[in-house]
Amino acid sequence: NEIEKVIVVSGDSGSVDEDDVKKVVGAFKRDTVYGLCNAVGLMDFRESSKILNNLLEKEKTADDKKISETAIISQLFTHAMKLSEYNRLIKIGVPENEAMKVMIASPFLWKKNKMTPQARNLTPRKVRRMLTVFGRTESTIKRSSLDNKLLMDFMIPLIMPDARKA
């Protein structure tokens, strides 16, 4: 089974890391909306664009339906709001381990998903910009006959203009 393969690949190191799993899973790794949220939170322009394109072209939901653009925008919106709330709680003195529960229940997942750098990246100004872009993109998708994929592609550089220069 796959777990045994990962253990073999990890060798005598005594631990399994993400690279070991990627070696076994390889091309079967699916991009997810959660991965997109994390890439956007990290302001990783290249990864965000790649994941978004894969989601729009290849990925399907559990019941084999295409993931809708509005569902993607909704998840991104929620992610930005949760990071903003985390930052607000930290600012008013709520302990980090309590504030992180707004985003995620597990300290392991907090660290794995690099939530601390994401929270640092999302200043109030950047959150306002993101929410405005998400709202405008969703509204345009709902009321226009333009290509939805094109509209979604335009969204990424608009929500992280500084990241494009890096």
Side-chain angles (χ1 to χ4, degrees), residues 2 17-19 21-91 99-100 102-106 109-166:
E2 302 304 306
D17 64 19
E18 191 172 346
D19 288 334
V21 175
K22 284 181 181 176
K23 288 175 189 170
V24 173
V25 177
F28 298 107
K29 179 182 173 281
R30 292 170 46 118
D31 288 313
T32 66
V33 176
Y34 304 110
L36 176 61
C37 289
N38 290 333
V40 167
L42 291 168
M43 296 292 159
D44 186 335
F45 180 81
R46 186 179 311 244
E47 186 70 6
S48 298
S49 295
K50 179 188 85 72
I51 293 172
L52 179 62
N53 269 314
N54 287 341
L55 287 171
L56 293 173
E57 291 185 11
K58 301 174 190 165
E59 300 300 328
K60 305 220 185 275
T61 62
D63 56 354
D64 209 32
K65 293 182 181 172
K66 188 173 181 261
I67 296 172
S68 78
E69 292 86 358
T70 55
I72 293 169
I73 292 170
S74 175
Q75 286 291 323
L76 288 167
F77 187 95
T78 300
H79 190 73
M81 290 297 293
K82 286 181 176 180
L83 284 167
S84 180
E85 177 63 6
Y86 167 84
N87 284 335
R88 186 190 71 77
L89 292 171
I90 292 297
K91 188 174 182 178
M100 79 168 54
V102 167
M103 289 293 301
I104 205 161
S106 163
L109 290 174
W110 180 269
K111 187 176 179 181
K112 167 111 176 69
N113 291 319
K114 301 176 183 168
M115 299 308 282
T116 299
Q118 288 188 54
R120 272 193 297 250
N121 283 341
L122 274 123
T123 62
R125 183 171 175 258
K126 286 182 181 175
V127 170
R128 277 192 301 279
R129 178 185 192 91
M130 283 182 166
L131 299 181
T132 300
V133 170
F134 296 152
R136 288 180 178 165
T137 303
E138 182 174 37
S139 176
T140 304
I141 284 170
K142 288 180 176 179
R143 65 177 164 66
S144 87
S145 59
L146 295 172
D147 178 38
N148 290 355
K149 184 181 178 312
L150 180 64
L151 294 170
M152 295 292 285
D153 284 341
F154 282 139
M155 181 179 71
I156 298 297
L158 291 173
I159 61 175
M160 54 178 92
D162 299 333
R164 290 182 296 151
K165 298 171 188 165

[atom1] of [X] to [atom2] of [Y]: how many Å apart, nearest 0.5 Å?
{"X": "D153", "Y": "D147", "atom1": "CG", "atom2": "CG", "answer": "8.0 Å"}
{"X": "N38", "Y": "K112", "atom1": "CG", "atom2": "NZ", "answer": "9.0 Å"}
{"X": "E138", "Y": "F77", "atom1": "CD", "atom2": "CZ", "answer": "9.0 Å"}
{"X": "M103", "Y": "Y86", "atom1": "CE", "atom2": "OH", "answer": "10.0 Å"}
{"X": "L151", "Y": "I141", "atom1": "CG", "atom2": "CD1", "answer": "5.5 Å"}
{"X": "S84", "Y": "M130", "atom1": "OG", "atom2": "CE", "answer": "11.0 Å"}

Exam field: side chain [X] to backbone [Y], donor-acceptor pair closer than 3.5 Å:
{"X": "R129", "Y": "L158", "answer": "yes"}
{"X": "T137", "Y": "V133", "answer": "yes"}
{"X": "N87", "Y": "L122", "answer": "yes"}
{"X": "S144", "Y": "T140", "answer": "yes"}
{"X": "S48", "Y": "D44", "answer": "yes"}

Using side-chain heavy atoms (C-beta onward) and a distance below 4.5 Å, is [X] in contact with [Y]?
{"X": "T116", "Y": "K111", "result": "no"}
{"X": "V127", "Y": "L131", "result": "yes"}
{"X": "M152", "Y": "I73", "result": "yes"}
{"X": "Y34", "Y": "Q75", "result": "yes"}
{"X": "L52", "Y": "D31", "result": "no"}
{"X": "L55", "Y": "I72", "result": "yes"}
{"X": "L89", "Y": "M100", "result": "no"}

Do the charged groups of K149 and E69 touch, with an N to O distance under 4.0 Å?
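So K149 does not pair with E69 through a salt bridge.
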Taking the basic N atoms (NZ, or NE/NH1/NH2) and the acidic carboxylate oxygens, is any pair closer than 4.0 Å for K82 and E85?
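No salt bridge links K82 with E85.
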Intermediate values then yes/no, side chain to side chain contact (heavy atoms under 4.5 Å, CB included), Q118 and H79
CA-CA 10 Å; Q118 288 188 54; H79 190 73; 2.6 Å; yes
Minimum heavy-atom distance [X]-[Y], with the two atoms named:
{"X": "I90", "Y": "A99", "result": "CD1-CB, 3.7 Å"}
{"X": "I156", "Y": "S49", "result": "CG2-OG, 3.7 Å"}
{"X": "A39", "Y": "I51", "result": "CB-CD1, 4.3 Å"}
{"X": "F134", "Y": "A80", "result": "CE1-CB, 4.4 Å"}

Taking atom NZ of K126 as the centre, does the number of heavy atoms from other residues, nucleotides or ligands within less than 6.0 Å exceed 12?
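Above 12, so yes.
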Please name the residue in the list R143, R136, K142 that meets the side chain to side chain contact (heavy atoms under 4.5 Å, CB included) test with S139.
R143
